[in-house]
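Residue numbers run from 1 in the order of the sequence given. Order of listing sets the numbers, starting from 1, for every ligand and every atom in it.
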Amino acid sequence: MISMTGKAVLVTGASRGIGAACARLFAAAGADVVLNYLRSDGPARDLLQELPGPGNHLLAQADVSSEAGVQGLFDAVLGTYRKLDVLVANAGIWEGSPIQDMTESDWERTMRINLKSVFLCCRAAARIMREQKEGRIITVSSTAGQRGEAFFSSYAASKGAIISFTKSLASELGPLGIVVNCVAPGWVDTDMAASALRSDAEARQTIEKAIPLGRVASAEDVAGPILFLASPLARHIQGEVLNVNGGSVLCG
Ligand code: NAP
């Protein structure tokens, strides 16, 4: 039903977790996918080989928290596809500490990787999509950005800022033909959440009990709504924060 044939899609943080699930789903829908990653060279290469028509896709190692990294990444995208139809700004880290112990460099690292990266990628995408007079941007926030998260205050702040940034771009870029939305996952069973979900069965049960649907999301559970927001089915949805959290946080 959803066809992305001929679409050039950039997924940041595509080597693992939600980004890798997005890469698989977009490629299955016919898209040409740019797989960005930072360090996981082996998994990214394996993923590329797993995708249908590996020659249609592009591996792009780049640090999206750096202006030079993002410049190089977008040069590679334009050099290969001459356009960008969809940006999925997904790359991120989840690091925390009690506020009393949080250092300035802890705070800046989270802001740089989670928030500045989204600014840099959205700015680069907007420059291309403005010329095309169309494009889709999907950012990835978190329930932490909606309700806060004890001991992860910098992470929550970065994710809350992504929501207001997304809404701002939705108003600003809509008149240029650019559709901008956000997905806000709750717990997702990826490497990022392994310390909370995979090491202690009792802790996982406690987490699951707090989710009305009674389960933790898989990466695929989040990739589906991202594909939907990138598809023609979502053409009139703008500035939305789509919760993918099993009902655990009921706000948009
Ligand atoms: P993950 O499994 O830890 O994967 C993170 C991805 O981001 C990896 O591909 C990693 O690349 C990439 N990355 C990190 N820093 C980067 C940088 N500076 N430049 C380029 N790529 C970078 O995480 P995930 O669970 O899939 O999370 C994806 C997004 O969903 C994040 O924004 C996260 O905050 C959000 N989210 C996750 C959860 C959850 O419970 N998992 C919940 C809510 C929101 P390498 O492999 O090369 O390091």
Side-chain angles (χ1 to χ4, degrees), residues 10-25 33-48 59-74 76 87-96 108-121 138-149 152 154-163 165-166 182-198 203-204 207-208 210-211 215-223 225-226 241-246 248-249:
L10 167 59
V11 182
T12 70
S15 50
R16 298 181 282 123
I18 294 167
C22 286
R24 287 189 187 94
L25 201 57
V33 185
V34 183
L35 308 169
N36 161 253
Y37 65 99
L38 182 60
R39 293 193 187 87
S40 300
D41 198 55
R45 284 179 192 284
D46 290 348
L47 175 60
L48 176 68
L59 266 190
Q61 191 281 335
D63 180 354
V64 290
S65 72
S66 114
E67 188 164 33
V70 170
Q71 180 72 51
L73 174 61
F74 278 75
L87 164 67
V88 181
N90 162 76
I93 56 168
W94 183 57
E95 294 177 355
E108 285 178 352
R109 177 175 151 78
T110 291
M111 289 299 160
R112 194 178 67 251
I113 298 173
N114 287 3
L115 183 58
K116 183 181 163 197
S117 68
V118 175
F119 151 63
L120 291 171
C121 290
I138 297 116
T139 59
V140 180
S141 178
S142 166
T143 45
Q146 299 169 307
R147 53 129 168 78
E149 185 170 14
F152 289 85
S154 56
Y155 177 80
S158 72
K159 293 295 178 177
I162 286 174
I163 290 175
F165 184 64
T166 303
C182 177
V183 165
W187 288 108
V188 189
D189 198 349
T190 66
D191 295 345
M192 178 177 279
S195 60
L197 296 173
R198 294 180 189 163
R204 185 176 175 123
I207 286 169
E208 285 170 345
I211 302 171
R215 57 185 283 275
V216 164
S218 65
E220 291 70 29
D221 289 329
V222 184
I226 290 175
V241 180
L242 184 51
N243 294 326
V244 189
N245 61 32
S248 58
V249 175

Flag if over 12 foreign heavy atoms under 6.0 Å of CD, E67: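 Not more than 12 within 6.0 Å, no.
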Pairing of D63 and R112 as salt bridge, 4.0 angstrom limit: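 A salt bridge is absent here (no side-chain N lies under 4.0 Å from a carboxylate O).
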Heavy-atom pair of closest approach, residues S141 and K159: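 Closest approach of S141 to K159, heavy atoms only: OG-O, 2.9 Å.
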Nearest heavy atoms of L73 and A60, plus distance in Å: CD1-CB, 3.4 Å
Every residue of the protein that comes under 4.0 Å of ligand 1, judged on heavy atoms: G13, A14, S15, R16, G17, I18, N36, Y37, L38, R39, S40, A62, D63, V64, N90, A91, G92, I113, V140, S141, S142, Y155, K159, P185, G186, W187, V188, T190, D191, M192, A193
Ring geometry between F165 and F119 (parallel below 30°, tilted from 30 to 60°, perpendicular above 60°):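 Answer is perpendicular, since the angle exceeds 60°.
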Residues N245 and Q146: side-chain donor-acceptor under 3.5 angstrom: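 On atom types as modelled, these side chains do not qualify, holding no pair under 3.5 Å.
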